[in-house]
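Written out below as structure tokens is the structure these notes cover.
Source: prediction; values computed, not measured. In what follows, every heavy atom counts, from backbone to side chain, and hydrogens, waters and symmetry copies are set aside. Both ligands and their constituent atoms are indexed starting at 1 by order of listing.
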Amino acid sequence: MIFVTGGAGFIGSNFILDWLAQAAAEPVLNIDKLTYAGNPYNLEAVAGDARYAFVQADICDETAIATLLSRYRPRAIVHLAAESHVDRSIHSPDEFIRTNVNGTFNLLNRALHYWSTLPGPEQADFRFLHVSTDEVYGSLEPQSPPFSEDAPYTPNSLYSASKAASDHLVRAYHQTYGLPTLTTNCSNNYGPYHFPEKLIPLVIANALAGNPLPIYGDGMQIRDWLYVTDHCTALRTILAHGATGETYNIGGGNEQTNLHVVHTLCDILDELAARAQGSYRDLITFVKDRPGHDRRYAIDSGKLERTLGWQPAESFQSGIRKTVQWYLANGEWVRQVRSGAYLNWLRQQYGDHPPGALI
Ligand code: NAD
Ligand code: DAU
């Protein structure tokens, strides 16, 4: 089997659903602490699948992680668990250091102990796939080429600094102990199950509720958007064929200003769910900028494309339309997540055992 940490979050849920959709997929154990961002209900579709199991645990918990490793003997760990929201890292960085740095350290440390006891062939097959971000490279000037794997680390937020630290730990475990690691640095994802504190789902949810659409600063910051299932495909490819000790950048080749993204969302909503009067664009409100706000990110995925043959399947136009359609069809998910009501619902429906929970 494989372990997935943070599997109840946005990318983790999509990764597990995508993984189990492959007929020959190995079973998955989803290890998630269930912070505010973790919703095991995202995985209800696979709750009855014998290949899926869930355990609520903190990646910082040495005993829990050591016990799970020796009991289930995974072939790989796909490490997604993290505190992931830049704005939250500005207000309360502690949890980012604890989970992203100390949690990754604990996971690496426990994985090394486990890996070193494996017989030769299992040791050779084992992989630790660390999922990281393009934000570790800092901010690009308008004319600079996109970030390659050789770009220097210059993180500017507490979030990106904590992710950079975790990337360095992963590198050191490979260089020093030979742990077979893989690191990925991906650009901004979007798609189903995206927590509505991040730009795209926040704008869709606010627009449908008739609330202001907050744009930080002048809205001309640039992000490189990748549809989440394309990220999942890249992770599967790298896990299967990536060279250990290597880093792979993953991006969508879709550089857009925030204002353009928000205009696009408003235009699709005007077409699919028109307001009684006016356009959703009327709700756009410029607000105070994010401190230390990175101006531009862009990723060069050339290495992944050339060496492992990966290509994104979705364009920005197709992916953003699918995303709006998903949120229109899943208004109840947004309402439950925003109000926290899903926590009550889960308890009522499953008691202490969320979908797939190991008892
Ligand atoms: P998310 O915030 O939606 O989900 C994070 C998950 O981790 C949640 O389910 C949460 O409960 C869990 N978690 C948090 N702390 C934990 C702990 N101490 N122990 C166990 N579980 C814990 O995040 P996401 O957007 O799905 O991102 C997943 C990973 O991908 C992160 O490592 C992030 O840095 C990276 N990443 C995200 C993006 C993006 O655009 N969202 C892009 C590139 C890389
Ligand atoms: O680049 C990858 C990163 O992308 C991931 O590592 C992070 O986990 C993920 O959260 C994301 O970080 P960003 O800060 O780029 O995403 P966010 O959705 O928070 O913001 C996208 C852009 O939109 C950013 O320039 C800030 C801006 N913004 C965001 C919000 C929430 C607004 O203008 N208004 C908003 O209300």
Distance from atom 9 (C) of ligand 2 to nearest protein heavy atom, with residue and atom: S84 O, 3.9 Å
Per-atom contacts of ligand 2 with L202, taking only distances under 4.0 Å to non-hydrogen atoms: 36 (O)
Heavy-atom proximity to atom 13 (P) of ligand 2, best of Q256, M220, E135: E135
Close N or O approach (T35, ligand 1; < 3.5 Å): yes
Test side-chain hydrogen bond (donor to acceptor under 3.5 Å, both in side chains) applied to D167 and N185, step by step: CA-CA 9 Å; D167 294 8; N185 293 89; 3.2 Å; yes
Subset of ligand 1 atoms that lie under 4.0 Å from at least one heavy atom of Y159: 33 (C), 34 (O)
Proximity of D294 to ligand 2 by residue part, where a heavy atom lies under 4.0 Å: neither
Heteroatom proximity flag, S84 to ligand 1, N/O under 3.5 Å: yes
Any D58 heavy atom less than 4.0 Å to ligand 1: yes
Gap separating the OH atom of Y193 from the CG atom of N330, nearest 0.5 angstrom: 6.5 Å
Nitrogen or oxygen of I215 less than 3.5 angstrom from that of ligand 2: no
Contact with ligand 1 for A57, non-hydrogen, under 4.0 angstrom: yes
Salt-bridge criterion met for K33 and E83 (N-O under 4.0 Å): no
For atom 1 (O) of ligand 2, the protein heavy atom that lies nearest, with its residue and separation: D134 OD1, 2.5 Å
Y297-ligand 2 polar pair, N/O distance under 3.5 Å: no
Top protein contact for atom 27 (C) of ligand 2, by heavy-atom distance: N258 ND2, 3.4 Å
Results of salt bridge (charged side-chain N to carboxylate O under 4.0 Å, His left out) for D49 - residues two or more places apart only: R51
Nearest candidate to atom 25 (O) of ligand 2, where distance is taken over non-hydrogen atoms, out of R296, Q221, H293: H293
Proximal atoms of ligand 1 relative to V131 (non-hydrogen, under 4.0 Å): 30 (O), 32 (O)
Sub-6.0 Å ring centroid separation between Y114 and Y72: no
Salt-bridge present (R306, E149; N to O < 4.0 Å): no
Among T133, L199, D289, V287, closest by any non-hydrogen atom to atom 18 (O) of ligand 2: L199
Distance from atom 19 (O) of ligand 2 to nearest protein heavy atom, with residue and atom: R290 NH2, 3.0 Å
Sub-3.5 Å N/O-N/O distance, F10 and ligand 1: yes
Options T184, N14, D32, ranked by nearest heavy atom to atom 8 (C) of ligand 1, top entry: D32
NZ/NE/NH1/NH2 to OD/OE distance under 4.0 Å, R88 and E197: yes
Identified side chain to side chain contact (heavy atoms under 4.5 Å, CB included) partner of L199 from the options I215, L213, I204, N258: N258
Interfacing atoms of ligand 1 (cut-off 4.0 Å, heavy-atom, K33): 16 (C), 17 (C), 18 (N), 19 (N), 20 (C), 21 (N), 22 (C)
Heavy atom of the protein closest to atom 31 (C) of ligand 2 (residue, atom name, distance): E197 O, 3.4 Å
Residue portion contacting ligand 1 (non-hydrogen atoms closer than 4.0 Å) for K163: side chain
Euclidean distance, I65 CD1 relative to F3 CZ, rounded to 0.5 Å: 8.0 Å
Option whose closest heavy atom lies nearest to atom 31 (C) of ligand 1, chosen from L80, N39, T99, I31: L80
N or O contact, H79 vs ligand 1, cut-off under 3.5 Å: no
Among Q221, E255, Q143, side-chain hydrogen bond (donor to acceptor under 3.5 Å, both in side chains) partner for R296: E255
Those atoms of ligand 2 less than 4.0 Å from some heavy atom in H85: 19 (O)
Structural part of L34 in contact with ligand 1, heavy atom criterion under 4.0 angstrom: backbone
Basic-acidic side-chain contact under 4.0 Å: K163, D134: no
Candidate pair T104 and H79, rule side-chain hydrogen bond (donor to acceptor under 3.5 Å, both in side chains), full reasoning: CA-CA 8 Å; T104 301; H79 175 36; 3.0 Å; yes
R98 atom CZ, neighbour heavy-atom count above 12 within 6.0 Å: yes
Any N/O pair I59/ligand 1 closer than 3.5 Å: yes
Selection from Y190, F286, Y216 by shortest heavy-atom distance to atom 29 (C) of ligand 2: Y216
E141 atom CD: more than 12 heavy-atom contacts under 6.0 Å: no
Nearest-neighbour protein heavy atom for atom 34 (N) of ligand 2, which is reported as residue plus atom name and distance: P214 O, 2.9 Å
Chi angles and distances behind the side-chain hydrogen bond (donor to acceptor under 3.5 Å, both in side chains) call for S166, H130: CA-CA 9 Å; S166 68; H130 174 61; 3.2 Å; yes
Subset of ligand 2 atoms that lie under 4.0 Å from at least one heavy atom of Y159: 5 (C), 6 (O), 7 (C), 8 (O)
Shortest heavy-atom approach to atom 38 (C) of ligand 1 - which of N102, I11, T133, T5: I11
Atoms of ligand 2 close to K198 [distance to a heavy atom under 4.0 angstrom, numbered from 1]: 10 (O), 18 (O)
Atom 4 (O) of ligand 2: the protein heavy-atom neighbour that sits closest, reported with distance to 0.1 Å: N188 ND2, 3.0 Å
Test of ring centre spacing under 6.0 Å for H85 and F195: no
Connected via hydrophobic side-chain network under 4.5 Å: L112 and F105: yes
Parallel, tilted or perpendicular, as decided by the 30° and 60° cut-offs, for the rings of W333 and Y327: perpendicular
Y190 six-ring centre to R223 NZ/CZ under 6.0 Å and within 45° of normal: no
